[in-house]
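These notes concern the structure reproduced below.
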Amino acid sequence: GDVMTVTAAIAQLRTTDLDGSIRFWTDHMGLAVAFRFRDFYAGTAAGSAVFHLKLADAPDPSVAEVRAAGHFQLYLMTDDAERAAEIARQRHVTIIRDLHETPWSTREFVIEDDQDHTLYVGQGA
């Protein structure tokens with residue numbers, strides 16, 4: 001039968017400081033601002049990967065639970081995890097877990113953004 005065609009999936013991270021989050025993603029992570037809508041919404045891009053930042057009155061309530069349970073708010077795929085980790089260190093990104101091999105055949109490391117979201121950066125086998 002018919003199936004829905006999906007051309008992209010876009011995640012949204014909440015922030016209590018939109019300008020600060022934009023600075024984190026551009027200055028520390030090297031992404032570009034894809035768009036900005038007024039003073040409460042922005043999109044960031046790395047190649048064809050896009051995710052949004054939305055200004056909120058309170059911190060993301062899932063941050064503590066995600067951290068405690070070993071989950072993530074966003075997983076960023078890269079073709080060179082070692083180089084990505086090196087760049088993150090050079091740009092003073094907080095690395096929560098160093099680059100490591102996983103039992104499911106990825107190389108990944110874990111960072112936090114300016115809003116304490118848990119972010120994995122990984123390279124497939």
Side-chain angles (χ1 to χ4, degrees):
D2 292 333
V3 295
M4 176 178 59
T5 301
V6 176
T7 59
I10 300 172
Q12 180 188 79
L13 297 177
R14 294 169 45 147
T15 176
T16 57
D17 179 1
L18 185 61
D19 290 330
S21 290
I22 289 171
R23 277 191 305 277
F24 172 82
W25 287 103
T26 57
D27 295 350
H28 295 283
M29 296 297 291
L31 276 65
V33 175
F35 70 87
R36 183 165 181 162
F37 183 72
R38 299 191 181 146
D39 63 350
F40 71 90
Y41 207 79
T44 60
S48 63
V50 175
F51 64 92
H52 294 179
L53 302 168
K54 183 176 184 181
L55 186 63
D57 293 332
D60 186 335
S62 70
V63 165
E65 181 180 336
V66 167
R67 181 185 296 138
H71 301 306
F72 59 83
Q73 272 97 3
L74 192 61
Y75 195 106
L76 305 170
M77 294 297 296
T78 182
D79 58 359
D80 189 344
E82 188 170 338
R83 178 74 179 129
E86 180 182 319
I87 291 168
R89 282 190 291 278
Q90 290 172 356
R91 293 181 174 203
H92 306 289
V93 173
T94 302
I95 296 178
I96 303 304
R97 185 167 181 205
D98 285 325
L99 184 64
H100 60 279
E101 303 285 335
T102 68
W104 46 92
S105 301
T106 62
R107 298 186 76 211
E108 57 189 36
F109 62 100
V110 182
I111 63 175
E112 287 185 349
D113 72 359
D114 66 302
Q115 298 289 303
D116 298 326
H117 291 110
T118 300
L119 313 166
Y120 281 52
V121 180
Q123 176 183 352

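Residue numbers start at 1 and run along the sequence shown.
By the 30° and 60° cut-offs, the orientation of the rings of Y120 relative to F72 is tilted.
In this structure, the side chains of F37 and H52 stay at 4.5 Å or more apart for every pair of heavy atoms. M29 has its side chain within reach of I111: a pair of non-hydrogen atoms, C-beta onward, lies under 4.5 Å apart. Annotation: side chain of T118 is not in contact with side chain of H71 (no heavy-atom distance under 4.5 Å).
Hydrophobic clustering of Ile, Leu, Val, Met, Phe, Trp and Tyr side chains at less than 4.5 Å, counting indirect connections, unites I95 with V121. By the criterion of side-chain heavy atoms lying less than 4.5 angstrom apart, applied directly or through intervening Ile, Leu, Val, Met, Phe, Trp or Tyr residues, I96 is grouped together with Y75 in one hydrophobic cluster. One hydrophobic cluster, built from ILVMFWY side chains closer than 4.5 Å, holds both F40 and F35. Criterion: ILVMFWY side-chain heavy atoms under 4.5 Å apart, direct or through other members. Under it, V110 and L99 are not part of a common hydrophobic cluster.
Atom CG in L74 sits 5.5 Å away from atom CG in L119 (nearest 0.5 Å). Note that CG of D80 is 8.0 Å distant from CZ of R107, once rounded to the nearest 0.5 Å. Atom-to-atom distance recorded for L18:CG and R36:CZ is 4.5 Å, nearest 0.5 angstrom. F109 contributes atom CZ, which lies 10.5 Å from atom CD of Q123 (distance to the nearest 0.5 angstrom). A distance of 14.5 Å separates CZ in R97 from CD in E112, rounded to the nearest 0.5 Å.
Here the closest non-hydrogen pair linking G124 and T106 is CA-CG2, 4.2 Å. When every heavy atom of T16 is checked against every heavy atom of A58, the shortest pair comes out as CG2-C, 3.4 Å.
Paired with I22 under the rule side chain to side chain contact (heavy atoms under 4.5 Å, CB included), one option of D17, T15, V33, D27 passes, and it is V33. Partner R14 forms a side chain to side chain contact (heavy atoms under 4.5 Å, CB included) with one of L53, D60, L55 and no other, that one being D60.
Partners of R89 according to the salt bridge (charged side-chain N to carboxylate O under 4.0 Å, His left out) rule, which considers only residues two or more places apart in sequence or in another chain, do not exist here. By the ring pair (Phe, Tyr, Trp, His ring centres under 6.0 Å) test, H117 pairs with no residue at all, sequence neighbours left out. Remark: A64 engages no residue in a side chain to side chain contact (heavy atoms under 4.5 Å, CB included) (not counting sequence neighbours). Listed by chain and number, the residues in a ring pair (Phe, Tyr, Trp, His ring centres under 6.0 Å) with F51 are W25 (sequence neighbours excluded). Evaluation of the ring pair (Phe, Tyr, Trp, His ring centres under 6.0 Å) rule for H100 yields no partner, not counting sequence neighbours.
Other cluster members for I87: none, since no ILVMFWY side-chain heavy atom sits under 4.5 Å from it.
There is a side-chain donor-acceptor pair under 3.5 Å between S62 and Q73.
Enclosure of atom CZ in R91 by more than 12 non-hydrogen atoms of other residues, nucleotides or ligands within 6.0 angstrom is indicated. Other residues, nucleotides and ligands contribute over 12 non-hydrogen atoms within 6.0 Å of the CD atom of Q90. The neighbour count for E82 CD, taken as heavy atoms of other residues, nucleotides or ligands under 6.0 Å away, does not exceed 12.
Using modelled atom types, no side-chain atom of Q115 and backbone atom of P59 make a donor-acceptor pair closer than 3.5 Å.
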